[in-house]
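Letters A, B, ... mirror the listed sequences (proteins, then strands); counts begin at 1.
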Amino acid sequence: MLLLWVRTLQLGVKSLSLHLMRSLLTVLGIFIGIASVIWLLAIGEGISRKAQEQIEGLGANNVIVRSIEPPSETTEGIRGPVPYGITRADYERMMATIPTIERGLPIREIRRRFGRGGRLVDGRLVGCTPEYFEVNRLDMARGRFLTDADMRTKANHCVLAAGTAERLFPLDDPIGQSVRVEETFYRVVGVTRPRSPTSGIGGSLAGQDFNFDVYIPISTLWSRIGDHVITRRSGSFEGEVVELSQATLRIDKVEHVMETADLVRETLRPHHRTEDYGITVPLELLEQARTTRMMFILFMGLIAAISLVVGGIGIMNIMLATVTERTREIGIRRALGAKRRDIIRQFLAETVLLSVFGGMTGVLGGLLCGPVSRGIRWALDAAAPDVMEQLPEVIQAVDPIIVPWSIPLALAIAVSIGIAFGLYPAVRAAKMDPIEALRHE
Amino acid sequence: MQYAARCEALTREYHLDGGTVRALRGVDLDVPAGDFVAIMGASGSGKSTLLNLVGCLDHPTSGRIRLGEEDITRADDDRLSEIRASSIGFVFQSYNLIPQLTVLENIEVPLYYQGKLGATDRNRCRELADQVGLGDRLGHRPTQLSGGQQQRVAIARSLVNDPYFMLADEPTGNLDSATTEDILNLIDSLNREGKTIIMVTHEPDVGRRAKRIVRLRDGMVQSDERVGDR
Ligand SMILES: Nc1ncnc2c1ncn2[C@@H]1O[C@H](COP(=O)(O)OP(=O)(O)OP(=O)(O)O)[C@@H](O)[C@H]1O
Ligand SMILES: [Mg+2]
């Protein structure tokens, strides 16, 4: 039985190779279809892996509230900087009234220039609590991070990020030395290891580069610098009055995250006339990633399905032509003792061979997904950067990841297509009357 | 007496738009084992129709056919295919080799449908090719052979399953007289070895090489006689 199939397949290869060009063209549709199956799964996987990473970076248990500068027309006519954003009162209220918040991390960030002797670095001055260390997955290279004692005493202590330390102290050990921010000096108690930047998510949360940070206790920041901060921006001075740049709220259980986010929204709303804050729920990203991925899979799936059906019809068409062309051969084989099912097997073997060949080349094409998509992105970046910019972020950034089971799946689809579209021509061949077939010219 | 084939009151009608064509109108024919029958008659007299019925390629409209002990009148398609594969060797006027296969592969085709795919069966194909004088052309394709050589391949192919009998429909119809002689000698020797042969022919000279001549006319047996000295 096995030998029979081997022989049938040999025969199929032989007949197909007689019309090599025709066979290759026939297989094109299947090739495209199968390659897209692998691509769509790989890109979908890439999207969800990316989202997973972002969520891990932000913490699935967290709800992040950020101050956002309201559009200027809402503050027109008012002189001087207008206070906006989340206030200490907001923070206290949330911490006090929402029981599912396990811990809060208030943050105030200011663009500042750090100096040490003649050396200067522009970076972020981050006022925070000791929790910042854990929430942002920092790691110490030397010394320690800020402590509760630093908080209580409003100590003039600071921790340098790797980049800041490198620039300000290229030759010596920064621990115990002083860094100047405006008129105030802070004593360095620790240096963090380099941390890879987080990517931004939509509009509400920009990506963060931790490399040129200086961390001080938020209590120190409040008392030394205050809420009204003047920054020099392209020659002119700009003031802003903000109490908290961000509050990262850690929720006790993942299941409570969504409801807590709603509670946070309701707690903040009555106290803000304008939309001067944004709430980011990393867990929602998971949902977003899921929908993006679904849409992608649906879209690519449609392309794949269409090319597979077209490919299948192509195969069927060629096989019908082949059957007519080989009517005489069918008659001869029948006269020599071939049963109907022998004829069916012979022609089915040919279509399955065709589709499996298309499937295997399609799999190879699918495996090239990574390099090809990087190539396309690179070419698009070089040739039409503005088009590239308009593409959704997921498409810009996604790195396809081949899903191993998509390969057997793709081959199984190829074989099924071969059988589904080959059956009709094969049955037609088998149904021919042997005498008629023998007479065929 | 043992019969290779027995036909009783065979009829075969074709129903066409214009009316009914009665290709056979009650044919009785007994072919004993080892016989060599030539079927002759005018064009359209039903010779091929009769041969196809005996060859299990067609069903009669009425009447009865037995091959050996088996009544095949109502046998289904699969059974008829089995009988063709195991007991019947066909030779056609137009050779009917499969063009994309080599000589050796063409000879092998019937084995394939009997599930005989081993090495000994392959060797048998080589022997048969030798026997018909084509041992040195095994790798050639039909288009590279002359008509006579192609017909030899067809004969070798018809013998590969060691059939009960051989059915030949105008096997020499496309050949010149010298090649015809060759092929007839080959068929003759097969008959002497014991194969039952039924051969359709138009040519009286070819017919005379058989042991018995059956003449058809308008779908009926007109005459059935032994050839003089054989
Ligand atoms: N498939 C068919 N449909 C309709 N009529 C047919 C068919 N096959 C044969 N016939 C008719 O049956 C009759 C006998 O045909 P058959 O082929 O047996 O003749 P024959 O004796 O072999 O003739 P020839 O010597 O020309 O080959 C003819 O009248 C033919 O037209
Ligand atoms: Mg005829």
Side-chain angles (χ1 to χ4, degrees), chain A residues 1-20 22-23 319 321-350 353 426-441, chain B residues 12 14 23 48-49 51-53 55-59 76-102 105-119 121-122 141-142 153-154 157-161 163 167-169:
Chain A
M1 193 60 204
L2 187 69
L3 194 58
L4 191 64
W5 269 102
V6 171
R7 283 298 183 82
T8 310
L9 290 176
Q10 278 175 352
L11 186 68
V13 169
K14 197 161 179 167
S15 317
L16 292 174
S17 54
L18 281 176
H19 301 282
L20 199 59
R22 184 162 94 175
S23 306
M319 287 316 289
T322 304
V323 165
T324 310
E325 225 170 63
R326 287 159 63 181
T327 302
R328 184 75 170 259
E329 178 191 333
I330 295 164
I332 297 170
R333 289 182 180 276
R334 293 281 277 140
L336 298 180
K339 295 189 175 114
R340 289 209 167 109
R341 60 171 170 277
D342 292 318
I343 301 294
I344 291 183
R345 186 190 308 113
Q346 181 185 345
F347 284 95
L348 216 48
E350 281 188 29
L353 273 172
V427 166
R428 222 165 99 151
K431 282 253 176 77
M432 283 181 188
D433 177 49
I435 299 172
E436 299 276 326
L438 275 169
R439 253 193 228 137
H440 190 90
E441 276 316 311
Chain B
R12 177 68 170 97
Y14 294 101
S48 297
T49 306
L51 203 69
N52 289 340
L53 283 172
C56 298
L57 285 170
D58 199 4
H59 287 279
D76 66 6
D77 190 84
D78 275 5
R79 179 62 195 145
L80 291 182
S81 301
E82 270 168 32
I83 297 171
R84 289 199 298 272
S86 64
S87 316
I88 295 170
F90 279 103
V91 178
F92 305 91
Q93 176 176 3
S94 48
Y95 326 130
N96 277 338
L97 301 178
I98 297 175
Q100 62 265 35
L101 302 184
T102 63
E105 288 166 338
N106 262 292
I107 298 176
E108 277 179 347
V109 171
L111 290 178
Y112 187 82
Y113 297 116
Q114 284 189 288
K116 293 184 184 166
L117 303 159
D121 301 305
R122 282 215 144 185
R141 299 202 183 269
V153 176
R157 181 180 66 184
S158 77
L159 295 172
V160 76
N161 53 1
L167 303 179
D169 196 344

Undergrad: Could you look at A/Arg7 and say if it's the side chain, the backbone, both or neither that has a heavy atom under 4.5 Å from chain B?
TA: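 Both parts, heavy atoms under 4.5 Å.
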Undergrad: Which atoms of B/Asn96 are under 4.5 Å from chain A, going by heavy atoms: the side chain, the backbone, both sets, or neither?
TA: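 For B/Asn96, backbone and side chain are both near chain A.
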Undergrad: Which heavy atom of A/Lys14 sits nearest a heavy atom of B/Gln100, and at what distance?
TA: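 Result for this residue pair: CE-O, 3.8 Å.
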Undergrad: Looking just at side-chain N and O atoms, do A/Arg439 and B/Ser48 make a donor-acceptor pair shorter than 3.5 Å?
TA: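 Distance-only check fails for A/Arg439 and B/Ser48.
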Undergrad: Given heavy-atom pairs under 4.5 angstrom as the criterion, report whether the side chain, backbone, both or neither of B/Tyr112 touches chain A.
TA: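 Interface part for B/Tyr112: both.
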Undergrad: Measuring heavy-atom distances to chain A, does B/Asp78 have an atom under 4.5 Å in its side chain, in its backbone, in both, or in neither?
TA: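 For B/Asp78, the contact with chain A is made by backbone and side chain together.
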Undergrad: Calculate, to the nearest 0.5 Å, the distance between atoms CD1 and OG1 belonging to A/Ile435 and B/Thr49 respectively.
TA: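 Rounded to the nearest 0.5 Å, the CD1-OG1 separation comes to 7.5 Å.
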Undergrad: Please classify the contact between A/Glu436 and chain B as side chain, backbone, both or neither, with a heavy-atom cut-off of under 4.5 Å.
TA: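 For A/Glu436, no heavy atom lies under 4.5 Å from chain B.
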Undergrad: Report the distance from atom CG of B/Asn52 to atom CG of A/Leu438, rounding to the nearest 0.5 Å.
TA: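 If we round to the nearest 0.5 Å, B/Asn52:CG and A/Leu438:CG are 8.0 Å apart.
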Undergrad: Would you say B/Phe90 and A/Ile332 make side-chain contact, with heavy atoms under 4.5 Å?
TA: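 No, too far: nothing below the 4.5 Å cut-off.
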Undergrad: Is B/Gln114 in contact with chain A via its backbone, its side chain, both, or neither, using a 4.5 Å heavy-atom distance?
TA: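 Neither part.
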Undergrad: Using heavy atoms and a sub-4.5 Å threshold, report which of residues 333-340 of chain A line up against chain B, by residue number.
TA: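 A/Arg333, A/Arg334, A/Ala335, A/Leu336, A/Gly337, A/Ala338, A/Lys339, A/Arg340, listed by number.
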Undergrad: Does any backbone or side-chain atom of B/Ile88 lie under 4.5 Å from a heavy atom of chain A? Answer side chain, backbone, both or neither.
TA: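 Contact with chain A: none, neither part.
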